[in-house]
Number of protein chains: 2
Amino acid sequence: MNTLAEENYLKSIYHLSVNATSVSTNQLAALLNTKASSVTDMLKKLAEKELINYTPYQGVSLTAAGEKIAVNIIRKHRLWEYFLVEKLDFKWDQVHEMAEELEHISSNELIDRLDKFMEYPKFDPHGDPIPDCNGLFKIHNLKPVSSIGINEGGVICGVRDHSKAYLQYLEKQSLTIGKKVTVAEIIEFDHSMVLHTEDNTIQISREVANNLLIAL
Amino acid sequence: MNTLAEENYLKSIYHLSVNATSVSTNQLAALLNTKASSVTDMLKKLAEKELINYTPYQGVSLTAAGEKIAVNIIRKHRLWEYFLVEKLDFKWDQVHEMAEELEHISSNELIDRLDKFMEYPKFDPHGDPIPDCNGLFKIHNLKPVSSIGINEGGVICGVRDHSKAYLQYLEKQSLTIGKKVTVAEIIEFDHSMVLHTEDNTIQISREVANNLLIAL
DNA sequence: AATGAAATTTAGACTTGTCTAAATATATTA
DNA sequence: TAATATATTTAGACAAGTCTAAATTTCATT
Ligand SMILES: [Mn+2]
Ligand SMILES: [Mn+2]
Ligand SMILES: [Mn+2]
Ligand SMILES: [Mn+2]
């Protein structure tokens, strides 16, 4: 249907579109680890296929058809990640690279059966919502820990940074999905925070707090 | 590591090597659905990488390194097929195309964990042996039903033809892996055979008998 | 409004894997 | 053994996806 490269471009445009109406060539080049000139070439092809709205120099957005494909790729990515963690016992910091390959396995019947086999999970191991077979999913309204005040708190439901280093750090601190945390203290000097969890007390940097998402 | 195309060539050379010491360009072209000239190009690349022994005009064979890669691809293919049938409830005639894609997922850790998850199956849904993580597997010594005589029989343990049409036909006749069959009659005119199974009696053509493998 | 910087596109090239058509080598068979 | 048929390789081309370097457009600043 679509090539692996096309699918990756559509997915990247989708992710970058979350915080903007239009996505630039350079943003895509950075995310996809390619050169801007390569991006321009591909944008022409995707526009030709009517998967994106592209006006030279003006950035791109997905068409309805393009968004449908992008969401389907994301559905596959997250379901495979869930499978790897829940069925094959991988850690949440180990699955992304494998899912980057698995998301391009074409069969929708396969992914729908995998979904059923795992009893229709709603969130992937990183707390991201899994679109259902119609592409529908709820957008959790989450806040970074860094945005809340003393004695406020909530349940960890997601992360902004999906890097191995960040996920491993959180794991070590037991700051994992589902854990309840409360802000006990905010250090004025560097905005680091002292958190109370069910088990213990930990101090995290502003950087860490910024990327840790909770539901109030 | 190796490209998808390279992996498919190595796998095809492996399969064709079962019945011969050397594999020809045209044999590969036929199996891979390409032109002989394309095959020649790829053989040069694989020889350059020392994955095959190639002398122009004289056919090819796998080196030890090439065979190792080929067996690993086959291990992945068969484990994924087993997964699709045993865990996701696909029929044995539905899984080959999906496995053709899944076999190229690179992680060996993934496949080893999948193997463990399924409790180390020894045969795929078509009765083919699954190599273990060291590439080792037992070669069943099977015979086609067409080669045995009246009142002889055995247990169905494999098929030579993996086509959808053939597998669906066998399924409909309940001639599936594990079933015990005995030859009740051989029709002289066209060499078709009457088989007794546990449940009933069926007549199959020579063509069907030729592709159905049993252990005595 | 003019100028310089930054972003983007174009031009031309390269790699992988494929193709057709032509050339060459091997096998067959008379 | 010579002619013919078949198998294989070579030559030249093409599509996809990428790159570097150069040209162009847009943006920011004066
Ligand atoms: Mn991921
Ligand atoms: Mn994820
Ligand atoms: Mn198969
Ligand atoms: Mn099989």
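Note on naming: letters A, B, ... go to the chains in the order of the sequence lines (proteins, then strands), and numbering restarts at 1 for each one.
- Here C:dT18 presents its P atom at 11 Å from CG of B:L43, a figure rounded to the nearest Å.
- Figure legend: B:K138 and B:F123 shown without cation-pi pairing, the cationic atom not lying both under 6.0 angstrom from the six-membered ring centre and within 45 degrees of its axis.
- When each of A:K164, A:H126, A:Q168 is paired with A:D93, the side chain to side chain donor-acceptor pair (under 3.5 Å) condition holds for A:Q168 and for no other.
- Among the nucleotides D:dT9, D:dG17, C:dC19, the one closest to any side-chain atom of B:S38 is C:dC19.
- Residue-level contact check: B:T34 touches the backbone only, with heavy atoms under 4.0 Å from sugar-phosphate atoms and none from bases.
- Side-chain atoms of A:S24 lie closest to C:dT8 of the nucleotides D:dT9, C:dT8, C:dC19.
- Side-chain nitrogen and oxygen atoms of B:Y9 include none within less than 4.0 Å of the OP1 or OP2 phosphate oxygen of C:dT16.
- At whole-Å resolution of the value, CG in B:L4 and P in D:dG17 are 14 Å apart.
- The CG atom of A:L46 sits 13 Å away from the P atom of C:dT9 (whole-angstrom rounding).
- Among C:dT18, D:dG17, D:dT26, the nucleotide with an atom closest to any side-chain atom of B:D41 is C:dT18.
- Nearest to the side chain of A:S37, among D:dT18, C:dT18, D:dA21, sits D:dA21.
- Ring to ring, A:F83 and B:F83 are close: their centroids are under 6.0 angstrom apart.
- Contact check, B:K45 against C:dT16: no side-chain N or O comes under 4.0 Å of OP1 or OP2.
- Atom pair B:Y54:OH and D:dT8:P shows a separation of 9 Å (rounding to whole Å applied).
- Nearest nucleotide to the A:K44 side chain, out of C:dT10, C:dG17, D:dT9: C:dT10.
- Protein atom CG of A:L28 is 9 Å distant from nucleotide atom P of C:dT8, rounded to whole Å.
- Closest to the side chain of B:T3, from the set C:dT8, C:dG17, D:dG17, is C:dG17.
- Between the side chains of A:Q203 and A:S192, a donor-acceptor pair is found at a separation under 3.5 Å.
- Across the protein-nucleic acid pair, A:Q58 atom CD and D:dT25 atom P stand 13 Å apart, rounded to whole Å.
- Side-chain N/O atoms of B:N8 and B:H104 include a donor and acceptor closer than 3.5 Å.
- Both tests do not hold together for A:K87 against A:Y82: distance to the six-membered ring centre under 6.0 Å, angle to the ring axis within 45°.
- Rounding to whole angstrom units, CE of residue B:M42 and P of C:dT15 are separated by 16 Å.
- Annotation: of the two residues near DNA chain D, A:P56 and A:K35, the 5′-most nearest-nucleotide partner is A:K35.
- Between B:N8 atom CG and C:dG17 atom P the separation is 11 Å, expressed in whole Å.
- Counting non-hydrogen atoms under 4.0 angstrom, B:A5 reaches the backbone sugars and phosphates but no base.
- The side chain of A:Y57 sits closest to C:dT8 out of D:dT10, C:dT8, C:dT18.
- A close approach under 4.0 Å does not occur between any side-chain nitrogen or oxygen of B:N26 and OP1 or OP2 of D:dT6.
- Listed nucleotides: D:dT9, C:dT20, C:dG17. Nearest to the side chain of B:T25: D:dT9.
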